[in-house]
Amino acid sequence: MPLPEPGLLPCLPGTGGRRRCSASSQNAVPAADGSWRADVMATSPDSEQRMAWEAQLSPITVEDITARTDRYTAEGVAECRARPGGGR
């Protein structure tokens, strides 16, 4: 599954979803300390909101998902994890 081209993510949570906003996005964005890497990071125009978009292509445990989510949360980053087919 290819990652979206940078700049193609239209909105972050909290924008109501009824209008197009100008969030920017970048592929393969690492944490400053290297503890995680987002497949795609969307950032609001004012840089106040960030959302990591993850394409989960390989098997993963609930514990690993929880640990990854906790790392994002600690840095104030929202997360969206998608898995093709939606199954486990």
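Since the model is a prediction, treat every value here as computed from it, not as a measurement.
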Do [X] and [Y] come close enough that some side-chain heavy atom pair is under 4.5 Å?
X	Y	result
Met51	Tyr72	no
Met41	Ser24	no
Ile65	Thr61	no
Glu48	Thr43	no
Arg68	Ile60	yes

Does [Y] offer a backbone N or O that forms a donor-acceptor pair with the side chain of [X] under 3.5 Å?
X	Y	result
Gln56	Ser58	yes
Asp39	Ala55	yes
Arg50	Glu75	yes
Ser25	Ala42	no

Which atom pair, heavy atoms only, marks the closest approach of Arg71 to Ser35? NE-O, 3.4 Å

Nearest-0.5 Å distance, OG of residue Ser47 to CD of residue Gln49: 10.5 Å

